[in-house]
**Q** 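The structure that follows is given in the form of structure tokens.
Source: prediction; values computed, not measured.
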Amino acid sequence: MGDIVVSIVAKLAEYTVGPILHHARYLCCFNNIAWNLLIAKEELELTRNSVNERVEEAIKRTEKIEPAVEKWLKDVEKVLEEVHMLQGRISEVNKSYFRRQCQYFLTKKIARKIEKMAQLNHNSKFEPFSKIAELPGTKYYSSKDFVLFKSAESTYKNLLDALKDKSVSMIGLVGLGGSGKTTLAKAVGKKAVELKLFEKVVMVTVSPTPNIRSIQVQIADMLGLKFEEESEEVRAQRLSERLRKDTTLLILDDIWENLDFEAIGIPYNENNKGCGVLLTTRSREVCISMQCQTIIEVNLLTGEEAWDLFKSTANITDESPYALKGVATKIVDECKGLPIAIVTVGRTLKGKTVKEWELALSRLKDSEPLDIPKGLRSPYACLGLSYDNLTNELAKSLFLLCSIFPEDHEIDLEDLFRFGKGMGLPGTFGTMEKARREMRIAVSILIDSYLLLQASKKERVKMHGMVRDVAFWIASKTGQAILASTGMDPRMLIEDETIKDKRVISLWDLKNGQLLDDDQLNCPSLEILLFHSPKVAFEVSNACFERLKMIKILAFLTSSYAWEIPLTSYLTLSLPQSMESLQNLHTLCLRGYNLGDISILESLQALEVLDLRGSSFIELPNGIASLKKLRLLDLFYCTIPDLFQNAYEVIGRCLQLNELYLCIYSYACRQFPHNFIFSRLERYALSNTMYSWTRGIRILEEHRPCRALCVEGFNASVQSFISLPIKDFFQKAEHLHLMHLEGGYENVIPSMDPQGMNHLIFLILEYCPEIKCVFDSTNADLLQTEDAFSSLVILSLLGLDNLEEVFHDPSSRCSLKSLEKLTIQSCRQLYNISFPKNSKLCHLKFLTIENCPMLTCIFKPSIFQTLELLEHVVISECYELKQIIEEVEEGSVDYVSSQSRTSLMLPKLRKLTISGCQGLEYIFPMCYAHGLASLEKLSIKVCGKLKYVFGSEKEYDLTVYQHQSNCQTIHINFLNLETLHLIGLPNLVEIWPKYFHPHLPNLKMFQCTDCPRLSDSCVRRVMIIDSDLQQDSTATEKELLCLVTSACNQLSDQVLASKLRYVLKFRHLGLFDLGVKGLFQFQIREHESNRELAPLKLDLTHAYLGNLPELEFIWKGPTNFLSLGMLDMIHVNGCPKLKVIFSPTILRSLPMLTRLEIIDCEELEQIFDLGDAQSLYTCSQFVCFPDLNTIYVRKCNKLKYFFHNFVAGHFCDLNYLKIEDCSQLQKVFAFECETDDDGQEGIVKDGEKVLLKLLRITLSRLPNFKEIHHGFKLTAYVREHDINDCPKYSPSLYLHTEGERMSIEQSVQVYESAEEKDED
């Protein structure tokens, strides 16, 4: 009974006393609750600001904010406005006579608002936050060529989600050919880089027959990796090592079969996902066989999406005729949602009449493709329609001809021309030059119709795989059946019953060179026969060609057309006697073979194109001259071992030629005959040297000039030159390369051409000792031009020992309006370039001047102001160079006023490198610095007299400059500067004047070495942050590299972090020989609150600090304020006053750190400041140093421990430890839990035993050293254990258990494997 009474009383108290106390709180705690209102308001404002920043970022990405987010922001604004009104009432209540009564009711309202704000804060996590904003009909995302349709949104999102999933390293993207897999993969790859999921995206086209070497080269080229090895196996190891170094997304496009990743060098299934793989294929089986963890299918377009895409490509608008739109919708239906078909057909029909549209629809409905796999009928019919609608007959023929090349092959237009000419295609009759023009027009039509694609080089095209299949279909339909295969054994042709109907047989990458005999190869209609193999020689029977009477093109190739011919051993190809029966043969290509006797070629009277590029033969037959129809003769890089035959005599009789490509290696053909004359020659590339003109070959490959001449040792006298027939080759050349020129030539113009060589585009002069200037107008009467060199694009001068001026043009007859690249190297007497006074270098992009010790200046101001496109400048080893821009007096014709300078100078300059210019005192006057808006890299090295980077001596006189500019402080913006190197500059005093304020927000690498006179304040201004943050102008600042002080009541944490990122956007930081006491100090002034700041993430990867004798700290600021998550290596040397490397300001987790080196730091007491022991323990829940593998410490005599209060699991990858000359050191690791009650070794919280697995240990001169860590076991698997002068060190020499032994042995093997790859 008593218990019941007690229970009743308790319940009464709960319902009566509780509410009374609750209401009493409203009367007694008014001030506390009002203060809580202020705190809650500040917290909500911070959350709102964070959400608003996310909103702004989403809007910039053209994304639509979710309604829940917008509603939340409106609610927040409403509540904050109400809170603002409450704060006003709080002030009024405190003054009221009825204060207590008013406080009671007001406190209730305040409490409700606090609860409301807490709820809003709690509900501020939105997922999703935003989505891609929809546009009418289509969605444009990553580029103008990528359209994100609704049907592709899920595919796009799934791809990104898979890329974000760290457990997924292999993704398959599968779908129909032409469905947009490649385009989607490119867009996702671009987005992955934007989201920083990967540092690099590499895309490689694989094709049906994978070529491992080609795939390796493609990947390496994209990664900037150069192979030194030849074997595919070693290249695979090199490539695998490179792909592991950073995060790379590898997109393998168009895979048809299982790929051997190990043979290629692609790391697979690795936990760190350093290399992710996204493959595209038409087969789901390929994805399964390659063990894709995620397979994603690409859908075709819906009807509405297909209509939207077709309207945009066919230019159908609301104003288009109703009848046309009716037909168009039916055409779209026939396209079956395949993007490539929709775009191609739309572009084909754009601008056509309704009747033509109706005819097109009829063709689409009636087409019956042959030998087409199920499901591809409609797309083939669509692309066939694009072919049918070509009005240019040559374009149609070239379209079919392109299909004889392998899939994804980059087709050189020269190959296409030579084969097209041999086929006698429409438009290829007449002169060779006319035929070339017609062909280029036809190729442009095919590209515009999307039937051909532009390849990586401008002289090459590609054909999409599906389009190529359609070409086969069209050819078979029109009686022009094509057999094109890769890797096929030619003996298998006997099993192909359809071979007798083929017009073309094109076999690539053959592994067997034994060809069929005539009675087995029965192809009476065959017109093109092409065999390609870079590896095997061909055995051609005598009867092979006897029944191939219709053949027009015969090609045996080791390579496609190229100027940079690989120097490989010749493969044997003997020409059978039956070749004389090929009387319809128009084009013969025999590239890269040892042909032996080629006299049989004399009988080929129909021959128009003879291509023997890169081949060897006994002698050039005399009968070649009697081939009346021969128009193109290619003997480039040919070898003739006959010591007596002069092939030039035979070639000189071939007067019928329109094109001649000649570079013969022969003892008898060292010098061109001076009487060479070809009245019909339209194109030529002539050289009498095979190995000495690497520069010229690169130009020929990239630019393809029509007429090129390279002559070594030309020795005709100046006086006789004008009467020599060979002069025409010099004067008409677009590319002229002269080496070791003799005969008294002191200049090129007027000595070689008084008319100015206005055809010349590329001029290279090497080792011509008599040349004193390139152009000389001293005697104006000798010149017959007013604008010499008007077409010159590239000028390269090398080793011209007597060159004094490049241009000597007192009469202003030289024009350099087209010049883009100027290179001058090793011209030891050059004292002045002397650009022509009236020339405008408005197209100059690249300037390189090296080893010109007498050169004193480069530009006059009047010339310098015309450099609107200059991008890259290299000046080195010009010892007497005083000024880059000549200083001229006001009133001179070359003077440019300061008012006109500031906006004109070098707006495109990206890279400036200057080294070894010992006489240079400054780089640019200060007035030119404003124009360097695009500068990305500035590197200045070993310039002994350099005092200033920007600004001349007089500009450093502030009174002079103020007189000119009437301003105190001038702001200059180097918004794109990422790299700044100042090395070996003993007299450098300032980078820029003190009254200039530089802004370098994107600087990532700063190295300052051996600049003893450079002031600390100057270096400090390189590191300083935005001017809108408060800067303390105290004496302390002068001793710091960077001091940042800010009040948190003025800037939110988010804004503060954003601004502070400007302090260290560096990736690489090198500081040497400075007198600073501290590097980076962050002082946060907070008023009446101790709010936790979000960590500031820095991008620093490498830090090198050397010879900083006054340095006392590296970073100082609030605890756990800085995150060095990207730091890979830190090297500290010669800092005798430094006590701590990593202060409490630094977060304890350094996930990327691999190497720690500390040398000669006498006062160093701790590597990591102990700080609060509890805060240190919090980091034991995750790995602090997962990649740290090397520690090297020397001459740090106050260090007792390296790491204290950490656990062994923090150093899971440590394998190399080297310590020398540390007199007080007792332990390397004083781990948090060293022994258990039974004396056993350290165990982490979950009971797992953790041991350091050191493989290399070096300990020298450590008198107090006792142990590496408690329980450390020295085993037989330690590769090096070098102990010297460590009297107190007694390691326990006993073996691990079998399980421990095997674990360590595996680690050793992994480590050795990695080391071997590094050594390779």
**Q** The criterion is ring-ring contact (aromatic ring centres under 6.0 Å, His included); which residues satisfy it with Tyr593, sequence neighbours excluded?
**A** none

**Q** So do Arg418 and Asp634 actually touch side chain to side chain, heavy atoms under 4.5 Å?
**A** yes

**Q** Could you grab the distance from atom CG of Leu173 to atom CD1 of Ile171, nearest 0.5 Å is fine?
**A** 9.5 Å

**Q** State whether the side chain of Ser506 and the backbone N or O of Ile404 hold a donor-acceptor pair below 3.5 Å, judged by distance alone.
**A** yes

**Q** Quick one: does Glu393's side chain have a donor or acceptor within less than 3.5 Å of a partner on Ser397's backbone?
**A**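 No.
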
**Q** Side chain to side chain contact (heavy atoms under 4.5 Å, CB included) for Arg613 and Tyr661? Distances and angles first, verdict last.
**A** CA-CA 9 Å; Arg613 178 168 288 233; Tyr661 305 91; 4.0 Å; yes

**Q** For the pair His532 and Phe556, evaluate side chain to side chain contact (heavy atoms under 4.5 Å, CB included) and give the outcome as yes or no after the intermediate values.
**A** CA-CA 6 Å; His532 167 270; Phe556 287 85; over 6 Å; no

**Q** Given 3.5 Å as the limit, does a donor-acceptor pair link the side chain of Thr558 with the main chain of Pro534, or not?
**A**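 No: the side chain of Thr558 does not pair with the backbone of Pro534.
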
**Q** Any sub-3.5 Å donor-acceptor pair from Ser403's side-chain atoms to Phe399's backbone N or O?
**A** no

**Q** Would you compute the distance between atom NZ of Lys549 and atom CG of Leu582 and round it to the nearest 0.5 angstrom?
**A** 8.0 Å

**Q** Tell me whether the guanidinium CZ or amine NZ of Lys355 lies under 6.0 angstrom from the six-membered ring centre of Trp357 and within 45° of its axis.
**A**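 Pair Lys355/Trp357 does not count as cation-pi.
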
**Q** Would you confirm whether Gln291, through its side chain, and Ile288, through its main-chain N or O, come within 3.5 Å as a donor-acceptor pair?
**A**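 No: the side chain of Gln291 does not pair with the backbone of Ile288.
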
**Q** Distance only, no hydrogens: is a donor on one side chain within 3.5 Å (strictly under) of an acceptor on the other, for Ser456 and Glu410?
**A**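 Glu410 and Ser456 do have a side-chain donor-acceptor pair below 3.5 Å.
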
**Q** I'd like to know if Arg503 and Glu527 make a salt bridge, using a cut-off of under 4.0 Å between side-chain N and carboxylate O.
**A** yes

**Q** So do the side chains of Leu510 and Lys535 get within less than 4.5 Å of each other, counting heavy atoms only?
**A** no

**Q** Please determine whether a side-chain nitrogen of the Lys or Arg among Arg631 and Glu659 lies less than 4.0 Å from a carboxylate oxygen of the Asp or Glu.
**A** no

**Q** Would you please say whether a donor-acceptor pair under 3.5 Å links the side chains of Glu433 and Thr431?
**A** no

**Q** Find out whether Leu159 and Leu278 are in side-chain contact, i.e. whether some heavy atom of one side chain is under 4.5 Å from a heavy atom of the other.
**A** yes

**Q** I'd like to check the ring-ring contact (aromatic ring centres under 6.0 Å, His included) partners of His409; sequence neighbours left out, ordered by chain and number.
**A** Phe405, Trp508

**Q** Do Val461 and Leu453 have side chains that approach each other closer than 4.5 Å (heavy atoms only, starting at C-beta)?
**A** no

**Q** Would you confirm whether Ser615, through its side chain, and Leu590, through its main-chain N or O, come within 3.5 Å as a donor-acceptor pair?
**A**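 Checked: pair present.
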
**Q** When rounded to the nearest 0.5 angstrom, what distance separates SG in Cys402 from CD1 in Ile411?
**A**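 Spacing of SG (Cys402) from CD1 (Ile411) equals 4.0 Å.
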
**Q** When you measure from the side chain of Glu305 to the backbone of Thr302, do you find a donor-acceptor pair of N or O atoms at a distance under 3.5 Å?
**A** yes

**Q** Is the positively charged end of Arg436 above the ring of Phe417, judged by distance under 6.0 angstrom from the centroid and angle within 45° of the axis?
**A** yes

**Q** Carefully, step by step, assess Glu414 and Arg460 under the rule salt bridge (Lys or Arg N to Asp or Glu O under 4.0 Å).
**A** CA-CA 9 Å; Glu414 188 63 28; Arg460 294 179 183 175; over 6 Å; no

**Q** Please lay out, stage by stage, how Asp408 and Arg468 fare under the test salt bridge (Lys or Arg N to Asp or Glu O under 4.0 Å).
**A** CA-CA 10 Å; Asp408 298 314; Arg468 180 171 176 263; over 6 Å; no

**Q** Apply the test side chain to side chain contact (heavy atoms under 4.5 Å, CB included) to residues Glu232 and Gln216: give CA-CA distance (whole Å), side-chain angles for both, the deciding distance (0.1 Å), then the verdict.
**A** CA-CA 8 Å; Glu232 291 176 358; Gln216 290 174 332; 4.1 Å; yes

**Q** Measure the spacing between CE of Met550 and CG of Leu526 and express it to the nearest 0.5 Å.
**A**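 Here the rounded value is 10.0 Å.
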
**Q** If you define the side chain from C-beta out and look only at heavy atoms, does anything of Cys287 sit under 4.5 Å from Ile295?
**A** yes

**Q** Can you check whether Leu530 reaches Ile553 side chain to side chain, under 4.5 Å on heavy atoms?
**A** no

**Q** Could you tell me whether the side chain of Lys457 and the main chain of Ala455 form a donor-acceptor pair under 3.5 Å?
**A** no

**Q** First locate atom CG of Leu483, then atom OG of Ser476, and finally report the distance between them rounded to the nearest 0.5 Å.
**A** 12.5 Å

**Q** Any carboxylate oxygen within less than 4.0 angstrom of a Lys/Arg side-chain nitrogen, looking at Arg591 and Asp415?
**A**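 Looking at Asp415 together with Arg591, the answer is yes, because their closest N to O distance falls below 4.0 Å.
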
**Q** Quick one: does any side-chain atom of Ser214 pair with a main-chain N or O of Asn211 as donor and acceptor, under 3.5 Å?
**A**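 No, because the side chain of Ser214 does not come within donor-acceptor range (under 3.5 Å) of the backbone of Asn211.
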
**Q** Does some side-chain heavy atom of Phe419 sit less than 4.5 Å from a side-chain heavy atom of Cys589?
**A** yes

**Q** Please tell me if the side chains of Leu630 and Leu610 come closer than 4.5 Å, counting only heavy atoms from C-beta onward.
**A**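 The answer is yes; the side chains approach within 4.5 Å.
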
**Q** So Lys421 and Glu608, side chain to side chain contact (heavy atoms under 4.5 Å, CB included) or not? Walk me through it.
**A** CA-CA 8 Å; Lys421 181 65 176 172; Glu608 297 181 44; 3.2 Å; yes

**Q** Given the rule in the side chain to side chain donor-acceptor pair (under 3.5 Å) test, do Asp253 and Thr280 qualify, once you have shown the distances and angles that lead to the verdict?
**A** CA-CA 5 Å; Asp253 187 39; Thr280 74; 2.4 Å; yes

**Q** Kindly give the heavy-atom pair with the smallest separation between Pro210 and Glu257, and that separation in Å.
**A** CD-OE2, 3.4 Å

**Q** Quick one: which of Val201, Thr182, Val188, Val277 gives a side chain to side chain contact (heavy atoms under 4.5 Å, CB included) with Ile251?
**A** Val201

**Q** Under 3.5 Å, is there a donor-acceptor pair between the side chain of Asp254 and the main chain of Val206?
**A** no

**Q** What distance do Ile316 atom CD1 and Thr329 atom OG1 have between them, rounded to the nearest 0.5 Å?
**A** 8.5 Å

